[in-house]
Asks: 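Quick one: the structure is below, and I'll ask about it shortly.
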Amino acid sequence: MTGSRWEAPDKAEADRAGAGISDDKEQFATYEEAVGWINAQVPLLGIRQGLERMERLMELLDHPERRLSFLHVAGTNGKGSTCAFLTEALLASGYQVGTFTSPYIVKFTNRLQFNGRDISEEDLLAIANQLKPLAEEMAKTELGPPTMFELVTTLALVYFARVVQPDFVVWEAGLGGRRDCTNIVIPVLSIITNIGHDHMDIIGDTIEAIAEEKAGIVKPGVPLISAVEQPEALHVIERVCREKESTLYLLRRDYQAVPEENAAGRQRMTFRGPFRSHEGVPVSLNGPHQFKNAAVALMALEVLHRDHAVRCEEEALRKAFGHTRWPGRLELVREDPRLVLDGAHNPEGGEALAAALRQSYAYRKLNLVIGMISTKDHEGFLRHVLPLADTVIFTQPDYHKKLGASELADRAERLARELDLPLVIEVQPEWKRALDRLLDRTGEEDLAVVTGTLYLISDVRSWVLDRSESEKGW
């Protein structure tokens with residue numbers, strides 16, 4: 001095992017103390033203390049990709065990752081929806097299922113679920129207390145301390161392997177794939193939903209480079225399911241599959257999703273695969289892009305059925321795909337006026353949102369609230385959604401990497417002039433006031449949409465549904 005030496009930043013001791021990271025062996029007394037310690041690693045350590053620290057943690061914990069059967073899901077967009085379809089289908093087929101996803105929408109425990117229920121606060125606290133001394137010892141080595149996402153990933157592996165022991169773990173990648181800490185596992189099946197422009201400052205600034213990173217989850221002899229479309233991305237993925245002797249099942253070439261009905265709340269498709277076909281499959285998640293995600297999940301289930309004798313009866317599949325839920329993705333959270341939340345935050349997500357608004361929803365006027373973080377391709381996203389809107393209110397998420405509402409509005413105004421859009425633009429930095437303004441402007445026949453970063457969606461969703469504050473986090 002190799003690793004570069006980790007150099008602590010200036011005033012490291014003071015920073016660590018301020019973040020609640022001590023060098024003693026005191027245990028956390030509460031769930032809140034444990035989550036606070038984990039989240040404190042974000043501003044302190046940031047993102048440090050690579051598997052060296054995960055490999056060491058797995059050694060120290062006697063390799064919990066070797067005791068589980070994983071479905072590893074990577075891709076730019078659609079990972080969470082695909083994970084939701086897979087989880088629901090396996091549960092409906094009688095299996096015990098662990099699910100690991102990020103970011104969470106309401107509460108930290110949303111990341112780790114067993115049979116659709118969050119990890120208990122008690123289990124999370126107990127495992128965090130197991131990990132704390134290991135993290136403190138690692139901090140003294142050349143590897144440095146584990147990051148927040150490495151701690152959460154390790155916590156998930158311990159929970160699934162030692163506490164609940166599911167039949168399958170639906171395992172969502174974080175950033176990229178090759179150097180992502182979730183790539184510590186050897187899955188029974190891998191999925192790359194699609195390739196798009198996101199996290200380009202970390203995993204690459206071209207489609208080919210991003211595809212190379214995501215194809216890093218492909219393991220020797222393990223089949224890959226994908227809906228990747230761009231020729232330059234396909235070239236990379238096909239090459240990696242040949243090198244790893246992994247069978248590639250590709251949408252449109254090896255399996256198809258044929259829409260039968262496409263309206264919000266009433267979506268249905270025919271799935272045609274190499275082994276079986278399924279007609280009239282309900283797709284409960286809204287938007288035409290969900291046909292692809294559902295087809296990817298169905299193809300994965302078909303491969304599991306053939307290669308691992310996994311039960312996938314027609315009735316169970318229909319029930320599962322008709323009842324799958326995934327918060328914050330074209331989710332209707334209010335009826336009067338209609339309010340939809342969608343966490344689209346990159347150009348491809350904006351394109352999918354725009355297609356859904358055109359094809360699946362009827363409205364007189366479309367009013368939007370948009371808030372984003374600073375590292376995204378804002379213009380690429382706005383080019384898709386601004387032409388559809390009558391009014392856009394720009395706000396900003398309660399997050400340290402937020403892009404100011406005025407700066408985002410300035411970019412939108414330049415784009416609106418370029419595209420000659422008759423668009424009303426408003427600025428309201430406080431998201432609650434922006435939401436109130438949005439609802440005030442939206443009539444009975446209109447549609448209100450809040451979109452952009454999931455950090456904004458998380459806050460708005462909790463406020464609209466429960467009048468509560470979300471924990472939200474990466």
Side-chain angles (χ1 to χ4, degrees), residues 68-73 78-101 105 109-119 156 159-160 163-172 187-191 193 223 225 227 249 251 255-261 264-287 289-331:
L68 299 161
S69 296
F70 295 92
L71 313 180
H72 198 183
V73 183
K79 297 189 298 294
S81 298
T82 301
C83 287
F85 283 126
L86 285 170
T87 296
E88 198 70 30
L90 289 169
L91 287 173
S93 299
Y95 293 96
Q96 306 281 304
V97 185
T99 310
F100 178 69
T101 57
I105 295 295
T109 53
N110 298 162
R111 298 172 177 278
L112 289 79
Q113 296 191 339
F114 175 63
N115 291 346
R117 295 187 177 183
D118 288 7
I119 183 176
Y159 175 65
F160 293 139
V163 180
V164 291
Q165 300 172 335
D167 299 307
F168 294 99
V169 176
V170 179
W171 189 244
E172 182 184 349
V188 296
L189 182 146
S190 302
I191 292 171
T193 55
I225 318 299
Y249 296 90
L251 183 66
Y255 63 101
Q256 288 81 37
V258 182
E260 296 177 9
E261 187 175 9
R266 299 191 312 278
Q267 294 192 160
R268 195 173 299 275
M269 74 175 190
T270 292
F271 171 84
R272 296 194 181 115
F275 316 129
R276 294 189 296 180
S277 294
H278 305 280
E279 295 183 355
V281 179
V283 179
S284 58
L285 300 183
N286 290 322
H289 57 289
Q290 294 294 355
F291 292 125
K292 294 181 183 178
N293 295 330
V296 167
L298 270 170
M299 188 66 248
L301 292 164
E302 290 292 301
V303 172
L304 290 175
H305 176 67
R306 189 194 69 166
D307 293 353
H308 299 277
V310 169
R311 299 183 302 276
C312 293
E313 299 300 329
E314 189 84 23
E315 183 178 347
L317 291 177
R318 291 179 185 279
K319 176 183 176 183
F321 281 76
H323 289 85
T324 299
R325 298 291 179 265
W326 192 235
R329 280 72 171 182
L330 284 172
E331 180 185 17

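Along the sequence shown, residues are numbered consecutively beginning with 1. Just so we're clear, the structure is a prediction, and the values are computed from it rather than from any experiment.
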Asks: Roughly how far apart are Phe85 CZ and Leu90 CG, rounded to 0.5 Å?
Replies: 13.5 Å

Asks: Does anything in residues 80-93 form a side chain to side chain donor-acceptor pair (under 3.5 Å)? List the pairs, not counting sequence neighbours.
Replies: Ser81-Gln290, Thr87-Thr99

Asks: Does the ring center of Tyr255 lie less than 6.0 Å from the ring center of Tyr249?
Replies: no

Asks: Measure the shortest side-chain to side-chain distance between His305 and Arg276 over non-hydrogen atoms and say whether it is less than 4.5 angstrom.
Replies: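 Side-chain contact under 4.5 Å: yes.
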
Asks: Kindly compute the distance separating CH2 (Trp171) from CZ (Phe100), expressed to the nearest 0.5 Å.
Replies: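 If we round to the nearest 0.5 Å, Trp171:CH2 and Phe100:CZ are 5.0 Å apart.
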
Asks: Distance check, rounded to the nearest 0.5 Å: His278 atom NE2 versus Met269 atom CE?
Replies: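 Result: 9.0 Å between the selected atoms.
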
Asks: Testing Leu304, Ile191, Val303, Leu301 one by one against Leu71 for a side chain to side chain contact (heavy atoms under 4.5 Å, CB included), which residue passes?
Replies: Leu304

Asks: Flag the pair Val296 / Leu251 as yes when at least one side-chain heavy-atom distance between them is below 4.5 Å, and no otherwise.
Replies: no

Asks: Below 4.5 Å, heavy atoms only, C-beta onward: do Phe168 and Val310 meet side chain to side chain?
Replies: yes

Asks: Return the CZ to SG distance between Phe275 and Cys312, rounded to the nearest 0.5 Å.
Replies: 12.0 Å

Asks: Can you find a pair of side-chain heavy atoms, one from Arg268 and one from Val283, that are under 4.5 Å apart?
Replies: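 No; the side chains remain at least 4.5 Å from each other.
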
Asks: Between His308 and Val188, does the side chain to side chain contact (heavy atoms under 4.5 Å, CB included) criterion hold? Intermediate values first, please.
Replies: CA-CA 9 Å; His308 299 277; Val188 296; 3.9 Å; yes

Asks: Step by step, would you call Tyr159 with Val164 a side chain to side chain contact (heavy atoms under 4.5 Å, CB included)?
Replies: CA-CA 7 Å; Tyr159 175 65; Val164 291; 3.5 Å; yes

Asks: Can you check whether Thr270 reaches Val281 side chain to side chain, under 4.5 Å on heavy atoms?
Replies: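 A side-chain contact under 4.5 Å is absent here.
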
Asks: Heavy atoms only: give me the nearest Leu112-Ala156 pair and the separation to one decimal.
Replies: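 Heavy atoms only, the tightest pair is CD2-CA, 3.3 Å.
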
Asks: Looking at Ser284 and Arg325, what are the two nearest heavy atoms and their distance?
Replies: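 Looking at all heavy atoms of both residues, the shortest contact is CB-NH1, 3.3 Å.
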
Asks: Are any of the side-chain nitrogens in Glu314 or Arg318 under 4.0 Å away from the carboxylate oxygens of its partner?
Replies: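 Salt bridge: yes.
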
Asks: Scan side-chain atoms only and decide if Gln267 and Asn286 contain a donor-acceptor pair under the 3.5 Å cut-off.
Replies: no

Asks: Counting neighbours of CZ on Arg272 that are heavy atoms of other residues, nucleotides or ligands and sit closer than 6.0 Å, is the number greater than 12?
Replies: no

Asks: Got a second to check how far Leu91's CG is from Leu86's CG, nearest 0.5 Å?
Replies: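 That separation rounds to 10.5 Å.
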
Asks: For Ala294 and Phe321, which heavy atoms make the closest approach, and how far apart are they?
Replies: O-CE2, 3.5 Å

Asks: May I ask you to check whether over 12 heavy atoms, not counting those of Glu279, lie within 6.0 Å of atom CD?
Replies: no

Asks: Please examine the side chains of Glu302 and Phe271, heavy atoms only from C-beta on, and report whether any two atoms are closer than 4.5 Å.
Replies: yes

Asks: Please check this pair: side chain of Asp118 against backbone of Gln113, looking for a donor-acceptor N/O pair closer than 3.5 Å.
Replies: no

Asks: So which atom in Ala300 and which in Leu189 form the shortest heavy-atom distance, rounded to 0.1 Å?
Replies: O-CD1, 3.5 Å

Asks: Over all heavy atoms of both residues, which pair between Ile105 and Pro327 is shortest? Give the atoms and the distance, please.
Replies: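 Looks like CG1-O, 4.2 Å.
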
Asks: What are the two closest non-hydrogen atoms of Ala89 and Leu317, and how far apart are they?
Replies: CB-CD2, 4.2 Å

Asks: Find the distance between CZ (Phe160) and CD (Gln96) and round it off to the nearest 0.5 Å.
Replies: 12.5 Å

